[in-house]
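Per chain, numbering begins at 1; letters A, B, ... match sequence-line order. All values derive from a computational prediction rather than experimental measurement.
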Protein chains: 2
Amino acid sequence: MELFDQASVNKSNSRQTRTREKVLNLAMHVLAKNPKASLSEIAEVAEVGRATIFRYFKSRKQLVSELIVEADTKLETAIKPIIEKNLNAGDTLEEFIKVLVPLGASFHFLNSNQIYAEDSGIDDLYKNQLMRLRELSKRLRAENVVSSEIPLAWVAAVLDNLIYTAWETVLKGDIAPNDAPALVLTSFLNGFSPR
Amino acid sequence: MELFDQASVNKSNSRQTRTREKVLNLAMHVLAKNPKASLSEIAEVAEVGRATIFRYFKSRKQLVSELIVEADTKLETAIKPIIEKNLNAGDTLEEFIKVLVPLGASFHFLNSNQIYAEDSGIDDLYKNQLMRLRELSKRLRAENVVSSEIPLAWVAAVLDNLIYTAWETVLKGDIAPNDAPALVLTSFLNGFSPR
DNA sequence: CTCAAGTGAGACACCAGAGTATCATTAGAG
DNA sequence: CTCTAATGATACTCTGGTGTCTCACTTGAG
């Protein structure tokens with residue numbers, strides 16, 4: 001139904017690269033919605049022959065594996081510069097949210113595919129991302145941005161889910177993309193009760 | 001790893017009934033963790049022959065369908081008496097949460113299977129549950145329990161996800177089952193910032 | 001415009017899981 | 001304890017998805 005960032009399809013790349021990225025992009029969205037989706041479905045959505053998929057990925061497993069690595073790279077790339085800024089916990093939180101909400105698809109994908117990953121290395125990527133939020137939660141508590149009475153695991157889990165929920169709600173068209181990060185932040189810190 | 005409410009297996013029922021419910025219960029948990037799980041896996045976990053499953057459910061589709069209906073019934077049964085109490089929005093919220101968190105598995109199951117439901121009737125059950133939370137959110141806003149500046153869709157979505165997250169976190173063993181409802185309530189209303 | 005690289009369509013073998021049928025074994029009601 | 005209903009094991013077919021291959025068509029760089 002919705003169309004995705006077709007604008008980001010770089011026309012200056014070679015034909016091969018374009019096809020490859022088209023498959024990668026669309027596969028991500030199809031599989032995020034339905035992890036059971038067949039290669040035929042993916043091919044159809046990507047407007048590509050099923051055989052073509054096999055020209056770029058030797059198996060379904062490898063396709064999924066690449067998607068996961070890609071998702072991880074995107075998150076890593078977005079987050080690293082923030083950490084290097086060495087901000088206080090509160091500001092780091094704000095920047096994290098701002099950057100992660102639009103990456104909800106990647107975020108979610110990494111989560112929902114953790115189950116199927118027979119591949120051992122992929123489990124590490126997932127755990128690594130979780131660790132990030134746990135670390136941040138710890139700092140938030142240490143710097144008293146977050147009440148220390150609340151279990152750490154709960155803080156991290158809620159933060160993780162708020163970000164994903166925001167992305168999902170934006171996708172449904174229920175809230176504006178530009179409003180999302182602020183909503184996550186205020187919900188996280190202050191909840192919904194009137195001030 | 002974890003064992004489930006085996007205590008609820010009623011020994012006074014007939015052998016057939018016990019087998020049937022054993023399959024139903026375990027299938028719910030297996031499929032909640034991995035929607036792709038094969039009937040062999042379910043049979044194994046339920047300590048039952050694969051053929052036996054087919055004696056009680058004419059197809060995998062029907063098994064899943066029954067699980068969904070069952071999940072819906074559980075939620076319905078839990079929620080109805082609360083609504084009939086005619087409490088104010090705030091108290092209704094509290095009771096809802098108290099009752100829904102332990103039903104996280106059913107809650108989640110209804111959610112995650114909505115996608116696969118070719119069956120039209122099942123979609124209605126899902127929409128019905130979503131409606132409940134939307135209704136409650138509307139009342140919360142009307143009675144000024146929740147700030148009216150926040151989009152309704154966002155309130156409902158967060159409430160839905162907080163409940164699911166709580167159940168998930170309990171399952172992981174990261175928070176105590178008895179603490180969960182209170183955590184959801186305070187997180188929802190006040191967020192994590194220290195008072 | 002030309003033509004090679006890239007692609008789509010389709011036929012095929014292969015496999016895993018769904019669903020069926022049969023029979024020997026076992027649980028447990030009476 | 002007995003005997004039947006219920007079960008587990010096994011062997012089978014069928015279906016849908018995966019992965020391979022070929023060939024004719026299209027695209028777009030030169």
Give a yes/no on whether any side-chain N or O of [X] is located under 4.0 angstrom from OP1 or OP2 of [N].
| X | N | result |
| --- | --- | --- |
| R18(B) | dG28(C) | yes |
| T52(A) | dG8(C) | yes |
| Y56(A) | dT7(C) | yes |

Distance in angstrom units between [X] [atom1] and [N] [atom2], rounded:
| X | N | atom1 | atom2 | answer |
| --- | --- | --- | --- | --- |
| E44(A) | dA9(C) | CD | P | 10 Å |
| L63(A) | dG17(D) | CG | C1' | 14 Å |
| R60(B) | dT20(C) | CZ | P | 15 Å |
| I53(A) | dG19(D) | CD1 | C1' | 12 Å |
| Q16(A) | dG28(D) | CD | P | 13 Å |
| F54(B) | dT22(C) | CZ | C1' | 16 Å |
| L39(B) | dT15(D) | CG | P | 17 Å |
| E47(A) | dT7(C) | CD | P | 14 Å |

Among the nucleotides dT7(C), dT18(D), dA18(C), which one has an atom lying closest to any side-chain atom of R50(B)?
-> dA18(C)
Shortest side-chain distance from T19(B), nucleotide among dT7(D), dC21(D), dA9(D) = dT7(D)
Where do I82(A) and T92(A) come nearest, in terms of heavy atoms and distance?
->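 Heavy atoms only, the tightest pair is CG2-CG2, 4.1 Å.
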Earlier contact from the 5' end, DNA chain C, for S59(B) and R55(B) = S59(B)
Between T186(B) and A182(B), is there a donor-acceptor pair closer than 3.5 Å when you use the side chain of the first and the backbone of the second?
->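 A pair under 3.5 Å: no.
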Check the side chains of T52(B) and R55(B) for a donor-acceptor pair under 3.5 angstrom, ignoring hydrogens and angles.
->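 A pair is found: one side chain offers a donor N or O, the other an acceptor, under 3.5 Å apart.
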Short side-chain donor-acceptor distance under 3.5 Å, E143(B) and N88(B) | no
Check every strand shown and say whether E41(A) touches a base, only sugar-phosphate, or nothing at a heavy-atom separation below 4.0 Å.
->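 The residue E41(A) makes no contact with any strand.
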Hydrophobic cluster membership, F96(A) vs L87(A), 4.5 Å side-chain cutoff =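 No; tracing contacts between hydrophobic side chains, which count when under 4.5 Å, never links both residues.
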